[in-house]
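Here the structure is laid out as structure tokens; the discussion comes afterwards.
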Amino acid sequence: MASSSRADTSGVTRKLILLAVAIVVAVALYTGGWFYAASQLKERVAQELAASQQGMHAASCTDLSVRGYPFRIGVFCDSVGLDDRPAGLSASFGALRSAAQVYRPGHGIIELDGPAQVRVTPDLAFDANWDLMRASVVAWTTGLDRASIAYDGLKGRLNAPSQGVSVGISVAHGEKHVRQSGDALDVAASLDGLSLDLGNKTLPPFNMAVDMTIANAASWLSKEGPPAGVPLGTNAELRALTFDLGEGRTMTLSGPVSIGNDGYVSGTVDLTIEGIDLWRDRISETFPDAAKTVQRVASGLRALSGGQDRAVVKLNVQQGTVYLGPFAVAEIPPL
């Protein structure tokens, strides 16, 4: 009996030892595999960045590293730069951190720090900073399938001295989502607590949201990216473009729109507006030069709504000219 008991104990011990050895070997193999993959990823990214410097679209990453062991893997940079030479655009950002689960490398999370500066020739500049900016992307070998970005506490200023433009922007929270939908591209974005500083006045915070589908634009998420000249020549279905002043005072536009190769907008859009008088007063105070036009449009809306403070009307936009019935009420400059 004693001999049998010792034999059983010895057998269990050997199995435990073999299990421990197997675990150690598996961990060693996984660790070696992770660090090999990390070195390959770092080398590939470094090669792509170096190659981009010789092309028309360049990117840079200072102090490139790959981290995340044991269960994640991602690229880290102390600062990031972009240079789109054909568009005359350059941009710089703070630190970048990315991570993807080892078992799901096509789905990545990215965090980007400010400050940021974007410049477009000849003299347009946008400087910004934020509390938190995070993006999520799902990618395949051909490019992105979908992507989203969210940020909090964004503050910035857009300057274009040659155009006499200087606009301050602050957003409490913003989001943007894009995804392929067949050959089309679905786009949804929202800005909460958006406030604009126009220099001599500051607009009270309001909310803005857009939900639309752009025809034949799924390829914009491919490696080639959107074609030159975007958004010229695009067609979209505007499901909702909403401006919200709070307390139910909203303005919503929906319908098909297109942007010609000349930059002019055309389309047939349904307008739903709650609080006609408030919108009239708010826009007139902000843009006094347009006060007479705004008053005329508000009077037309009230007439069409039977004197109510809510109206649902159809707007026709032809080559940038906005018509309310037979009357031209506004002009949209070419994009």
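- With no hydrogens or angles considered, a side-chain donor-acceptor pair links Asp186 and Thr213 at under 3.5 Å.
- Side-chain contact between Thr252 and Leu271 is absent, with no heavy atoms from C-beta onward closer than 4.5 Å.
- Of all heavy-atom pairs between Ala236 and Met212, the closest is CB-CE, 3.5 Å.
- The side-chain heavy atoms of Met133 and Ile149, taken from C-beta on, include a pair separated by under 4.5 Å.
- In this structure, Leu64 and Lys42 have side chains that are in contact, with non-hydrogen atoms separated by less than 4.5 Å.
- A donor and an acceptor atom, one from each side chain of Arg310 and Ser305, are nowhere located under 3.5 Å apart.
- When every heavy atom of Gly174 is checked against every heavy atom of Val171, the shortest pair comes out as N-CG1, 4.0 Å.
- Residues Ile73 and Val138 do not share a hydrophobic cluster, defined by chaining ILVMFWY side chains whose heavy atoms lie under 4.5 Å apart.
- For Tyr69 and Trp34, the ring centers sit closer than 6.0 Å to each other.
- Checked by atom type and distance alone, the side chain of Ser52 pairs as donor or acceptor with a backbone atom of Ala59 at under 3.5 Å.
- A salt bridge does not link Arg249 with Glu274: none of the charged nitrogens is closer than 4.0 Å to a carboxylate oxygen.
- Looking only at distances, no side-chain donor or acceptor of Trp130 sits under 3.5 Å from a matching main-chain atom of Gly156.
- Atom-to-atom distance recorded for Thr234:OG1 and Asn216:CG is 10.5 Å, nearest 0.5 angstrom.
- If you take CG on Leu278 and CG on Leu245, they are separated by 5.5 Å, rounding to the nearest 0.5 Å.
- Between Thr202 and Ser195, the shortest heavy-atom contact is CG2-OG, 3.6 Å.
- Aromatic ring orientation, Tyr30 versus Phe71: tilted (interplanar angle from 30° to 60°).
- Residues satisfying the ring-ring contact (aromatic ring centres under 6.0 Å, His included) criterion with Trp220, sequence neighbours excluded, are absent altogether.
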Please test Asn159 against Leu124 for side chain to side chain contact (heavy atoms under 4.5 Å, CB included), starting from the C-alpha separation and ending with a verdict. CA-CA 6 Å; Asn159 289 301; Leu124 187 149; over 6 Å; no
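- The environment of CZ in Arg134 is sparse: at most 12 heavy-atom neighbours from other residues, nucleotides or ligands sit within 6.0 Å.
- To the nearest 0.5 Å, atom CG of residue Asp277 and atom CZ of residue Arg282 are 13.0 Å apart.
- Remark: Gln295 CD to Ile283 CD1 distance equals 12.0 Å, nearest 0.5 Å.
- No more than 12 heavy-atom neighbours from other residues, nucleotides or ligands sit within 6.0 angstrom of CZ on Arg119.
- Under the 3.5 Å distance criterion, the side-chain polar atoms of Ser98 are matched with a main-chain donor or acceptor of Val75.
- Note on Val317: it does not cluster hydrophobically with Tyr323, by side-chain heavy-atom contacts below 4.5 Å among ILVMFWY residues.
- Judged purely by distance below 3.5 Å, without hydrogens or angles, the side chains of Asp127 and Gln117 pair a donor atom with an acceptor atom.
- The only option from Leu29, Val24, Thr31 that meets the side-chain contact (heavy atoms from CB on, under 4.5 Å) definition with Val27 turns out to be Thr31.
- Of all heavy-atom pairs between Pro231 and Leu335, the closest is CG-CD1, 4.4 Å.
- You'll find the side chain of Leu221 stays beyond 4.5 Å of the side chain of Asp145, heavy atoms only.
- Ser284 places none of its side-chain heavy atoms less than 4.5 Å from the side chain of Asp281.
- The shortest side-chain heavy-atom distance between Val312 and Asp270 does not fall under the 4.5 Å cut-off.
- Annotation: side chain of Leu315 is in contact with side chain of Leu324 (closest heavy-atom distance under 4.5 Å).
- Proximity of a side-chain donor or acceptor of Asp152 to a complementary backbone N or O of His173 within less than 3.5 Å is not detected.
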Please step through side chain to side chain contact (heavy atoms under 4.5 Å, CB included) for the pair Leu194 and Asn207, ending with a clear verdict. CA-CA 6 Å; Leu194 170 62; Asn207 299 334; over 6 Å; no
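- Side-chain atoms of Ser79 and Thr62 form a donor-acceptor pair, as typed in the model, at a separation below 3.5 Å.
- Taking the ring axis of Phe76 as reference, the NZ or CZ atom of Arg97 does not stay both within 45° of it and closer than 6.0 Å to the ring centre.
- When all heavy atoms are compared, the tightest approach of Gly260 to Leu232 is O-CD2, 3.7 Å.
- Arg302 contributes no side-chain N or O that, together with a main-chain N or O of Ser299, makes up a donor-acceptor pair within less than 3.5 Å.
- Heavy-atom minimum distance, Val66 versus Leu41: CG1-CD2, 4.0 Å.
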Mind listing the side-chain donor-acceptor pairs of residues 81-93 below 3.5 Å, one per line with the distance, residues two or more places apart or on another chain?
{"unit_1": "Asp84", "atom_1": "OD1", "unit_2": "His57", "atom_2": "ND1", "d": "3.2"}
{"unit_1": "Asp84", "atom_1": "OD1", "unit_2": "Ala87", "atom_2": "N", "d": "3.4"}
{"unit_1": "Arg85", "atom_1": "NH1", "unit_2": "Gly55", "atom_2": "O", "d": "2.3"}

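- In this structure, Val167 is a member of the same hydrophobic cluster as Phe126, with clusters built from ILVMFWY side-chain heavy atoms closer than 4.5 Å.
- Interatomic distance, CG of Asp192 versus CE of Met208, reported as 12.0 Å (0.5 Å rounding).
- Within the 4.5 Å cutoff, no side-chain heavy atoms of Arg296 are placed close to those of Val329.
- Ring geometry for Trp279 versus Phe243: interplanar angle over 60°, hence perpendicular rather than tilted (30 to 60°).
- The 12-atom threshold is not exceeded at OH of Tyr264, counting heavy atoms of other residues, nucleotides or ligands nearer than 6.0 Å.
- Atom CG of Leu238 and atom OG1 of Thr268 lie 12.0 Å apart (nearest 0.5 Å).
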